[in-house]
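Here the structure comes first, spelled out in structure tokens, and everything after it is commentary.
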Amino acid sequence: FVENDFRDGCPIGNLCLEMADTNDAFQQKLAQTMAGLLQWQAKVLSLAKENGEIPGHLDPVYLSSFIMSAWQGAILQMKAMRSDEPLDVFEKMVFEKILK
């Protein structure tokens, strides 16, 4: 992100921001794509939970949704601020606090 002057971001997030409210068919495809990503991420988190790599009280499905929302928000802030600070906050909160 730094090398690209905090531009670009997540292609799916960018498409959601720009297209989801303009075309119903496009919105449905974006929703399916996002659901697939969330499902995959929840499976990975489930495996991590089973292996004792993340706290046992965390629900992988909710955690997946939270992480995705936080990530997309961090990217949005990064682009607005042209700073990597939101990404640093995301990384510290998710990996040093929540998943530790």
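Along the sequence shown, the residues carry numbers beginning at 1.
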Original post:
Would I67 and L45 count as a side chain to side chain contact (heavy atoms under 4.5 Å, CB included) if you check the C-alpha gap in whole Å, the side-chain angles of each, and the deciding distance to 0.1 Å?
Top reply: CA-CA 11 Å; I67 290 172; L45 291 167; 4.3 Å; yes

Taking atom [atom1] of [X] and atom [atom2] of [Y], what is their separation to the nearest 0.5 Å?
X	Y	atom1	atom2	value
T33	I12	OG1	CD1	5.5 Å
K92	D88	NZ	CG	5.5 Å
D21	F26	CG	CZ	12.0 Å
M34	Q41	CE	CD	10.0 Å
I75	L87	CD1	CG	7.0 Å
L30	Q32	CG	CD	9.5 Å

Applying the 4.5 Å side-chain criterion to the ILVMFWY set and letting contacts propagate, would [X] and [Y] be lumped into a single cluster?
X	Y	answer
M81	V89	no
M78	F95	yes
W71	V61	no
Y62	I54	no
F90	L76	no

Subject >> Derivation and outcome, side chain to side chain contact (heavy atoms under 4.5 Å, CB included), residues L99 and L63 >> reply: CA-CA 9 Å; L99 296 178; L63 183 57; 3.5 Å; yes

Subject >> Shortest non-hydrogen separation from Q72 to G13 and the atoms involved >> reply: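 Here Q72 and G13 meet closest at OE1-CA, 3.4 Å.
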
**OP:** Over all heavy atoms of both residues, which pair between L38 and S64 is shortest? Give the atoms and the distance, please.
**Re:** O-OG, 2.9 Å

Subject >> Backbone N/O of A25 and side chain of N23: donor-acceptor pair under 3.5 Å >> reply: yes

Subject >> Polar contact flag, side-chain donor to acceptor under 3.5 angstrom, K79-N14 >> reply: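 Checked: K79/N14 side chains pair up, N/O donor to acceptor below 3.5 Å.
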
Subject >> Within 6.0 angstrom of E18 CD, more than 12 heavy atoms from elsewhere >> reply: no

**OP:** Take M68 and L37 through the test side chain to side chain contact (heavy atoms under 4.5 Å, CB included) and record every step on the way to the result.
**Re:** CA-CA 9 Å; M68 182 66 73; L37 288 171; 4.0 Å; yes

